[in-house]
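Written below as structure tokens is the structure these notes are about.
Note on naming: letters A, B, ... go to the chains in the order of the sequence lines (proteins, then strands), and numbering restarts at 1 for each one.
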Amino acid sequence: MSTPVPEARRRRRLVVTGMSTLTALVLLFGYHTSTDPTASAGTVAVGTAVAGSGSTSSGSTGSGSTSSGSTSSGSTGSGSASSGSAAGTTTVTGDAADTRWGPVQVRITTDGSTITAVDVVEFPTGNGRDQEINAYAVPELVQETLSAQSADIDMVSGATVTSTGYLQSLQSALDQAGL
Amino acid sequence: MTTATGSRTVRRVAHVMGFPVSLAVRGRHADDAAGRRAWEDAVDSLARAESVFSTYRADSWISRLDRGEVDVVDCPPEVAEVLALGDAAADASGGAFSVHRPRRDGGFGLDPSGVVKGWALERSAAALRALDETDFCLSGGGDLLCRTLDPAAEPWRIGIEDPFAPQRLLARVPVSTGAVATSGTAHRGAHVVDARTGAAPAAVAQVTVVGASLTWADIDATAAFALGPDAATWLSTRAGRTGLVVWADGTTTPVPDVQRSQW
């Protein structure tokens, strides 16, 4: 009945093809910025890495992420361009950019003029805060019966509560407990 | 830096638009004059939305528009905004969601209620968002939005009501900054219908949606509910949302974010 929640992993892989999907990648990381300007460091790091990689110049890719102002040592930095098996295919790995949630590192593959794949080789994980930049938690079923007094909650979401039904509602109990 | 972590949560309640509005607020302006003013502004904003959009008031702009006494261009600009949202929601839900409801006489009536609530709450929160170093959770009739400035602060802990026993919780979800909307039959009976058929969906008891925007969480919860047996399938296609579908037989389907599940 319950669907397992995907756990944050140390390394995640996102393979996309074509230019249009780059927009999705940038949006993915830029998602939170509309509500929290403090997330901009992460957005800049990834967005710049993708944009810079369009030239297939490994130098510009590696240095691109430094514009976030928080670049890490970059162990797989500027010089990591390598030719793949297919003719004209180039793979470039950008520097790992430190964000407040952890390092972000992107590897792109081009066929000379078009980006054919983007891998996220390093992704922030683990401390729970990475959810801030990419997703919301899935509601978790509560097994035990809870009353407002024992529930460790701040607010209740439920089918539309009218003012007449309010006094019977959990939210009412919460409000009274807090006043 | 002063953070809201560990500071006392202040609660305020008002009744407007026919439902109770609850605020939980913590941080610098939780209990000062600026915080109280922001709360009053939020309530005023909701009262204005009610005067424009209420289908229960014969003198509201939406009622006059429905009777053909005025055109959209005559109305305050938010009327066109809400109707456009309704059209976008209809597109996204294959027509299950609509601000044009079938009437018993065979015609269509204008009822933007499914859009207005979330949209109005979202708009009203602007006053609270302007408060620095202050976190809040604003709830209107069971739909809510949260703001937490410090990513390290504890998220707001949101309970999801059990549609079969509204005095109990069915689930919990932590939300730092985002929205939670729930649509269902508890409290008000069958008030959501599939706009394609005019019939109340039978298979689903309650749909909860978590996302960035309360406007869209509310629309999606209503649309998913209206889709009945397809509620969870449709919701799983909506990027940037998670959710929980409670079926009429009491079973549940948690819905992960489609963006995350691709990874």
Side-chain angles (χ1 to χ4, degrees), chain A residues 1-6 9 12-14 24 27-28 31-32 34-36 38-39 100-101 120 123 128-129 131-142 145-148 151-166 168-179, chain B residues 9 11 13 15 18-20 22 24 137 139 141-144 147 149 151-152 156-161 163 166-178 180-188 191 206 208 210-212 240-244 251-257 259-261 263:
Chain A
M1 168 160 84
S2 81
T3 302
V5 180
R9 280 163 295 181
R12 296 194 189 201
R13 182 176 163 85
L14 172 69
L27 285 175
L28 194 63
Y31 188 69
H32 197 62
S34 62
T35 51
D36 183 1
T38 60
R100 69 167 63 216
W101 299 277
V120 179
F123 190 87
R129 287 190 281 167
Q131 287 193 348
E132 284 287 315
I133 62 170
N134 72 335
Y136 294 93
V138 180
E140 183 180 11
L141 293 175
V142 179
T145 299
L146 294 173
S147 67
D152 195 18
I153 56 171
D154 297 304
M155 207 66 95
V156 174
S157 182
T160 305
V161 181
T162 60
S163 287
T164 47
Y166 170 73
Q168 298 162 10
S169 77
L170 263 179
Q171 190 62 58
S172 168
L174 274 179
D175 292 336
Q176 289 174 33
L179 287 172
Chain B
T9 298
R11 290 180 178 273
V13 183
H15 292 265
F19 52 77
S22 304
C137 182
S139 165
D143 299 326
L144 57 91
R147 193 273 292 272
L149 289 173
W156 295 99
R157 301 158 301 178
I158 308 305
I160 297 172
E161 208 175 68
Q167 303 292 321
R168 297 180 186 171
L169 294 181
L170 182 67
R172 275 190 280 205
V173 60
V175 179
S176 291
T177 298
V180 184
T182 297
S183 187
T185 52
H187 300 297
R188 284 210 306 178
H191 67 283
Q206 180 172 286
T208 297
V210 184
R241 279 88 150 161
T242 66
L244 179 68
T251 60
T252 57
T253 303
V255 181
D257 183 356
Q259 284 183 335
R260 280 197 119 192
S261 57
W263 287 53

Q: Decide side-chain contact (heavy atoms from CB on, under 4.5 Å) for A:I153 and B:I158; before the verdict, give the C-alpha distance in whole Å, the side-chain angles of both, and the deciding distance to 0.1 Å.
A: CA-CA 6 Å; A:I153 56 171; B:I158 308 305; over 6 Å; no

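- In terms of the side-chain hydrogen bond (donor to acceptor under 3.5 Å, both in side chains) criterion, residue partners of A:S157 (sequence neighbours excluded) are, by chain and number, B:T182.
- In this structure, the portions of B:I160 lying under 4.5 Å from any heavy atom of chain A include both its backbone and its side chain.
- Contact record, B:P254 with A:P139: CB-O, 4.4 Å, taken as the closest heavy-atom pair.
- Across B:L169 and A:V156, no two heavy atoms sit closer than the pair CD2-CG2, 4.3 Å.
- Counting heavy-atom pairs under 4.5 Å between each of B:V173, B:T208, B:T242 and chain A puts B:T242 at the top.
- Of the inter-residue distances, the one linking B:S139 atom OG with A:M155 atom CE reads 5.0 Å to the nearest 0.5 angstrom.
- Rounding to the nearest 0.5 angstrom, the gap separating the OG1 atom in B:T9 from the CG atom in A:D154 is 6.0 Å.
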